[in-house]
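Structure record follows, encoded as structure tokens.
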Amino acid sequence: MFADLHLHTNFSDGTFSPEEVARRAKGLGFSAISLTDHDTVDGCPRMHTACSDLGIEFISGCEFTVERDGCELHMLGYNLDIENLRLLRVLRKYQEIRRNRIHEMVIRLKDHGIPLKIGRVMELANCDAPGRPHVGRALVEGGYCRNMDEAFQRYLKKGKPGWAPKEIMTASVAIDLIHDAGGVAVMAHPGINRMDDVISELTSQGMDGLECFYTRHSTAVREHYLIMCKQLGLLVTGGSDCHGENKGRPLIGGVKLPYEYVRKIKTAAKVA
Ligand code: AMP
Ligand code: ZN
Ligand code: FE
Ligand code: FE
């Protein structure tokens, strides 16, 4: 038995619907999946229903963009009460910040001689939590870039002409918010963030786990974080971070988290 606890849908910057992700997970033999869209839990009810229909376990989730010492990192929340009012209020706030940021990015690109239409970008996003990949899709569609990689490299990466800053919550606020909604807080893709120095500090502030199993973690990196989890008494999680088609090959199926870790996450969430 195995799980994928890091998946995106078209409720944020993924391209598959919740039903499509659940169907693919079932086809690949997963016993449990979680939906971790950026700054929203709105896709969870539909994925929950789809999973129930298919006979696989669903774990609610969300990927929060957070800040620590001025650096951005991602915090995953699992087993959240998706009707928690504080959680929903905060998520609505950050969704609005995301929408405003898209407007700002379109203005910056226009000043740079790239006249994207805001209506078209929002149409491509078609969700409450739009992100840079939606601007990237508009850049590709408009013929300004050949693909998403080029869109990020030339226009969307931090410091590039289309990039705009966005207000984000601190990591400790996110941890507190996740706990308040009954969930567990897990640092996403620590091997990509490369912020090992803050892990023990965040653990003392209540962070519950590390995403050790991850598409872009080598075996050595995974082992490194598994050891850290053991030393710090942290939960182990893992997932593919599938956003839909990825150069013709969706990432789902590439990471198989042994189910024993899911059991531990559920036990921890109940006592949190
Ligand atoms: P945002 O949350 O709006 O700042 O956008 C960040 C998201 O962009 C990440 O979660 C990834 O899904 C996506 N992303 C980052 N870098 C790239 C890239 N080089 N190509 C495609 N997508 C990317
Ligand atoms: Zn994303
Ligand atoms: Fe992430
Ligand atoms: Fe993600």
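The cluster map of Ile, Leu, Val, Met, Phe, Trp and Tyr, joined by side-chain heavy atoms under 4.5 Å apart, puts I56 and I252 in the same cluster. Under the 4.5 Å side-chain heavy-atom criterion for ILVMFWY residues, a single connected hydrophobic cluster contains both V198 and L232. Hydrophobic clustering (ILVMFWY, side-chain heavy atoms < 4.5 Å, transitive): Y78 and L210 are in distinct clusters. Hydrophobic cluster membership is shared by L5 and V255, with clusters built from Ile, Leu, Val, Met, Phe, Trp and Tyr side chains linked at under 4.5 angstrom. Cluster membership check: L226 does not share its hydrophobic cluster with M228, using side-chain heavy-atom separations under 4.5 Å among Ile, Leu, Val, Met, Phe, Trp and Tyr.
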Start with the C-alpha gap between I178 and V184, add the side-chain angles, then the distance that decides, and say whether side-chain contact (heavy atoms from CB on, under 4.5 Å) holds. CA-CA 6 Å; I178 290 165; V184 296; 5.6 Å; no
So N126 and H134, side-chain hydrogen bond (donor to acceptor under 3.5 Å, both in side chains) or not? Walk me through it. CA-CA 9 Å; N126 192 30; H134 298 118; over 6 Å; no
H243 and H38: CA distance, side-chain angles, deciding distance, side-chain contact (heavy atoms from CB on, under 4.5 Å) verdict: CA-CA 11 Å; H243 279 75; H38 299 283; 3.5 Å; yes
Residues D37, L35; criterion side-chain contact (heavy atoms from CB on, under 4.5 Å); working and verdict: CA-CA 6 Å; D37 269 322; L35 175 57; 3.5 Å; yes
Under the side-chain contact (heavy atoms from CB on, under 4.5 Å) rule, what do V262 and I59 come out as? Steps first, then yes or no, please. CA-CA 9 Å; V262 178; I59 293 153; 3.5 Å; yes
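The hydrophobic cluster around V135 extends to I102, M105, V106, L109, I114, L116, I118, V121, M122, L139, Y144, M148, F152, Y155, L156, counting ILVMFWY residues whose side-chain heavy atoms fall within less than 4.5 Å of a member.
Ring geometry for H6 versus Y214: interplanar angle of 30 to 60°, hence tilted. Ring pair Y261/F213 is tilted by interplanar angle, where 30° to 60° counts as tilted.
We find that E245 and R24 are joined by a salt bridge, their nearest charged nitrogen and carboxylate oxygen being less than 4.0 Å apart. The residues K166 and E104 are annotated as not salt-bridged, no charged nitrogen and carboxylate oxygen being separated by less than 4.0 angstrom. For the pair K117 and E123, the salt-bridge criterion is not met [side-chain N within less than 4.0 Å of a carboxylate O]. A salt bridge links K93 to E167: one of the charged nitrogens lies within less than 4.0 Å of a carboxylate oxygen.
Side chain of D13 to main chain of R132: no donor-acceptor pair is present (N/O by atom type, distance under 3.5 Å, no hydrogens or angles). With hydrogens and angles ignored, the 3.5 Å screen pairs no side-chain donor or acceptor of D81 with any backbone N or O of G182. Remark: side-chain polar atoms of N147 are paired, donor with acceptor, to backbone N or O of D149 under 3.5 angstrom. A donor-acceptor pair under 3.5 Å is formed between the side chain of E150 and the backbone N or O of R146. Between the side chain of S240 and the backbone N or O of G253 there is no donor-acceptor pair closer than 3.5 Å. In this structure a side-chain-to-backbone donor-acceptor pair under 3.5 Å is present from N84 to D180. In this structure, R108 contributes its side chain and W163 its backbone to a donor-acceptor pair below 3.5 Å. Looking only at distances, no side-chain donor or acceptor of H103 sits under 3.5 Å from a matching main-chain atom of N100. Panel note: side chain R99, backbone P130; no donor-acceptor pair is recorded below 3.5 Å. A donor-acceptor contact shorter than 3.5 Å links the side chain of K26 to the backbone of L54.
You'll find the side chain of H217 stays beyond 4.5 Å of the side chain of E211, heavy atoms only. Residues C229 and C212 have side chains in contact (heavy-atom distance under 4.5 Å, counting atoms from C-beta outward). Residues H179 and D208 have side chains in contact (heavy-atom distance under 4.5 Å, counting atoms from C-beta outward). Contact annotation: the side chain of L91 approaches that of F64 to within less than 4.5 Å [non-hydrogen atoms, C-beta and beyond]. Side-chain contact between P258 and F2: absent, with no pair of heavy atoms (C-beta onward) separated by less than 4.5 Å. Taking the side chain as every heavy atom from C-beta outward, C44 and F58 approach each other to under 4.5 Å. Using a 4.5 Å cut-off on side-chain heavy atoms (C-beta onward), D4 and K256 make no contact. Contact annotation: the side chain of L73 approaches that of M187 to within less than 4.5 Å [non-hydrogen atoms, C-beta and beyond].
Counting heavy-atom neighbours within 6.0 Å of K160 NZ, excluding the residue itself, gives a total of 12 or less. The number of heavy atoms from other shown groups lying within 6.0 Å of CZ (R86) is above 12. Other residues, nucleotides and ligands place no more than 12 heavy atoms under 6.0 Å from the CD atom of E96.
S12 and C127 make their closest contact through O-SG, 3.7 Å (heavy atoms, listed as atom of the first residue, atom of the second, distance). Minimum heavy-atom separation, Q95 to R92: OE1-NH1, 2.9 Å. P18 and N10 get closest at one heavy-atom pair: CD-OD1, 3.8 Å. Minimum interatomic distance between T65 and D39 (heavy atoms only, all atoms of both residues): N-OD1, 3.6 Å. Listed here is the closest heavy atom pair of E72 and M195: O-SD, 4.3 Å. Nearest heavy atoms, C62 versus L80: CB-CD1, 3.8 Å.
Counted by atom type alone, H224 and D196 present one or more donor-acceptor pairs between their side chains at under 3.5 Å. With no hydrogens or angles considered, no side-chain donor-acceptor pair links D241 and T215 at under 3.5 Å. E63 and H8 form a side-chain donor-acceptor contact under 3.5 Å, judged by distance and modelled atom types alone.
The line from CZ of R249 to SG of C242 is 11.5 Å long, rounded to the nearest 0.5 Å. For the atom pair NE2 (H112) and CD1 (I107), the distance works out to 15.5 Å, reported to the nearest 0.5 Å. A distance of 6.0 Å separates CE in M169 from CG in L177, rounded to the nearest 0.5 Å. Of the inter-residue distances, the one linking E19 atom CD with C51 atom SG reads 9.5 Å to the nearest 0.5 angstrom.
A distance below 6.0 Å separates the ring centres of H74 and H189.
Within the structure, the salt bridge (Lys or Arg N to Asp or Glu O under 4.0 Å) test picks out no pair touching residues 225-235 (sequence neighbours left out).
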